[in-house]
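Here is the structure we will look at, set down as structure tokens.
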Amino acid sequence: MNAAFTTGKELQKMDPVFGQLSFDDHEQIVFCNDKDTGLKAIIGIHNSVMGPALGGTRMYNYANEWEALNDVLRLSRGMTFKAAITGLNIGGGKAVIIGDAKTQKTPELMRKFGEFVHSLSGRYITAEDMGMETADMDIVRDVTPYVTGISESRGGSGNPSPVTAYGVYLGMKAAAKQQFGSDVLSGKKVLVQGIGHVGETLVDYLTKEGAIVTIADINEEKLNEVGTKYHAEIFRGDDLYSADVDIYAPCAMGATLNDNTVYKIKAKVIAGAANNQLADENVHGAILQERGILYAPDFLINAGGIINVYAELAHYDKAEIMRKTENIYNTTLEIFDFALANNMTTHHAALTIAQNRINQRKLENSKK
């Protein structure tokens, strides 16, 4: 009789939700399915101690449901700490829709997704993310009030991408000041990976300051368009991560800092818009620190977008949006100082400060 052995991966899949590292004590996970529209979505509510969970909806053609689940869990968790470190009174949530945004997204699908959001009665408030446009949020708004980032003509704050890019730009300047002694980016070689809404706007800021910008993207047409528009060099090498640059700005998908890349990087600063850049935040954060590479925590410097859409809930104006976003520069420098003083990675420093704020609010709530 042959003995049956269960592999580690099989064991992991026996606990596909609660057993994941990315689960990290999520409060609620909602699986949404609609046969008529083809909607397959997952909503993750990580933490609502600070307030209702706010986070964008991403539509992406995931390889499988497992990949989609892990992504929504990681993104949702990141939103909790993004809101807390930025000083916003909201919790963390996120949603993913499985599918190709270019070919499978329809008004009917977006309306149905809005109905699922509405069924949560405000525990989760959605917004725009990868694969989504402001017009999609307007459709969601037709069926639920629990959405932000709607068009300005409907009383919303509009596309959050420009504000996100501005925050990343300021976070990058703060990192340059810490690492190079000056926040002036003129003459600095910057590689921007991913030139979507946020990445392209970041390229604009960098070009105007006189940085030497190199761009990379899987979309060849977009690459050529942006390269021509901003006179940016297009990366044509074999290995993006070994590029001879001063600053690496990941602005596409997460986990680009992993076992395969973390020892190759020549840049002395990493500051970009992508969420969850560290594949393993403990392991890869420590390696970057050991190598003398300064990492600007992604959930801190890319918080401009959430600041922008939160304005619709907190009812503050454009001037206040920009003031809060500009404060990312100061907060980034404070995180670097805290990390040095406590001999920890910059990522861990940002997490610690964010978690302390959540713990304090939890204590206050328990006394009410």
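With respect to Glu320 and Lys324, a salt bridge is recorded, a charged nitrogen being found less than 4.0 Å from a carboxylate O. Salt bridge Glu326/Arg323: absent, no basic N to carboxylate O contact under 4.0 Å. Salt bridge annotation for Arg141-Glu128: absent, with no cationic side-chain nitrogen under 4.0 angstrom from a carboxylate oxygen. No salt bridge links Lys318 with Glu152; every basic N to acidic carboxylate O contact stays at or beyond 4.0 Å. A salt bridge links Glu200 with Lys222; the closest basic N to acidic carboxylate O contact falls under 4.0 Å. Under 4.0 Å is where a charged nitrogen must lie from a carboxylate oxygen, and between Asp142 and Arg154 at least one such pair does.
Annotation: the span from Asn302 atom CG to Thr164 atom OG1 amounts to 7.0 Å, rounded to 0.5 Å. Summarising the geometry, atom CD belonging to Glu225 is positioned 8.0 Å from atom CD1 belonging to Ile195; distances are rounded to the nearest 0.5 Å. Expressed to the nearest 0.5 Å, how far CE of Met132 lies from CG of Asn159 amounts to 13.5 Å. In this structure, the separation between OH on Tyr166 and CG on Leu202 is 13.0 Å, given to the nearest 0.5 Å. Remark: Leu120 CG to Cys32 SG distance equals 7.5 Å, nearest 0.5 Å. In this structure, the separation between CG on Leu223 and OG1 on Thr228 is 9.5 Å, given to the nearest 0.5 Å.
Within the structure, salt bridge (charged side-chain N to carboxylate O under 4.0 Å, His left out) pairs that include any residue of residues 339-366 comprise Arg361-Glu364 (at least two apart or interchain). Applying the salt bridge (charged side-chain N to carboxylate O under 4.0 Å, His left out) rule to pairs touching residues 50-62 yields Arg58-Asp71, Arg58-Asp129, sequence neighbours excluded.
Ile212 and Gly187 get closest at one heavy-atom pair: CD1-O, 3.5 Å. Of all non-hydrogen atoms in Ser76 and Gly92, the two that sit nearest each other are OG-O, 3.6 Å. A pairwise comparison of heavy atoms in Lys82 and Asn275 identifies NZ-OD1, 3.2 Å as the closest pair. When every heavy atom of Ala175 is checked against every heavy atom of Ala296, the shortest pair comes out as CB-CB, 4.5 Å. Of all non-hydrogen atoms in Ala95 and Phe113, the two that sit nearest each other are CB-CZ, 3.7 Å. Of all the heavy atoms in Ala252 and Ala274, the pair that sits closest is O-CB, 3.3 Å.
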Could you check Tyr60 against Met253 for side-chain contact (heavy atoms from CB on, under 4.5 Å), going step by step and ending with a plain yes or no? CA-CA 10 Å; Tyr60 185 74; Met253 294 294 282; 4.1 Å; yes
Which is it for Leu185 and Ile247 under the side-chain contact (heavy atoms from CB on, under 4.5 Å) test, yes or no, and what are the steps along the way? CA-CA 10 Å; Leu185 299 177; Ile247 301 170; 3.9 Å; yes
Ile85 vs Ile353, side-chain contact (heavy atoms from CB on, under 4.5 Å): CA-CA, chis, key distance, verdict: CA-CA 7 Å; Ile85 197 72; Ile353 291 172; 3.7 Å; yes
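Cluster membership check: Ile139 shares its hydrophobic cluster with Met59, using side-chain heavy-atom separations under 4.5 Å among Ile, Leu, Val, Met, Phe, Trp and Tyr. Note on Leu73: it does not cluster hydrophobically with Ile306, by side-chain heavy-atom contacts below 4.5 Å among ILVMFWY residues. Residues Val140 and Ile98 do not share a hydrophobic cluster, clusters being chains of Ile/Leu/Val/Met/Phe/Trp/Tyr side chains in contact below 4.5 Å. In the hydrophobic cluster analysis, where Ile, Leu, Val, Met, Phe, Trp and Tyr join through side-chain heavy atoms closer than 4.5 angstrom, Tyr62 is grouped apart from Leu39. At a threshold of 4.5 Å between side-chain heavy atoms, the hydrophobic network of Ile, Leu, Val, Met, Phe, Trp and Tyr places Phe116 and Val72 in two separate groups.
For the 3.5 Å distance criterion, the side chains of His284 and Asp259 qualify, holding a donor opposite an acceptor. Tyr124 and Gln28 share no donor-acceptor pair across their side chains, judged by distance under 3.5 Å alone. A side-chain donor-acceptor contact under 3.5 Å links Thr144 and His118. No donor-acceptor contact under 3.5 angstrom links the side chains of Gln360 and Asn356, judged on distance only.
Using a 4.5 Å heavy-atom cutoff, the side chains of Ile97 and Leu109 are in contact. For the pair Met172/Val190, a side-chain contact is recorded, criterion being any heavy-atom separation below 4.5 Å from C-beta on.
Other cluster members for Leu278: Leu191, Phe235, Leu240, Tyr241, Val245, Tyr248, Leu257, Val262, Tyr263, Ile265, Ile270, Val283, Ile287, Leu288, Ile293, Tyr295, joined by side-chain heavy-atom distances under 4.5 Å among Ile, Leu, Val, Met, Phe, Trp and Tyr. Other members of the cluster containing Val143 do not exist, because no ILVMFWY side chain is joined to it at under 4.5 Å.
Glu27 contributes a side-chain N or O that, together with a main-chain N or O of Ser48, makes up a donor-acceptor pair within less than 3.5 Å. A distance-only check finds no donor-acceptor pair linking the side chain of Thr37 to the backbone of Glu108 [under 3.5 Å]. The closest donor-acceptor contact from the side chain of Asp136 to the backbone of Met110 lies at 3.5 Å or more, if one exists at all.
By the neighbour-count criterion of 12 heavy atoms within 6.0 Å, atom CG of Leu363 is densely surrounded, having more than that number from other residues, nucleotides or ligands. By the 6.0 Å contact criterion, CD on Glu65 is open, its count of non-hydrogen atoms from other residues, nucleotides or ligands being 12 or less.
Using cut-offs of 30° and 60° on the angle between ring planes, the pair His46 and His26 is perpendicular.
Under the rule for a side-chain contact (heavy atoms from CB on, under 4.5 Å), Asp238 has no partner lying at least two apart in sequence or in another chain. In this structure Glu312 satisfies the side chain to side chain donor-acceptor pair (under 3.5 Å) test together with Ser157, sequence neighbours excluded.
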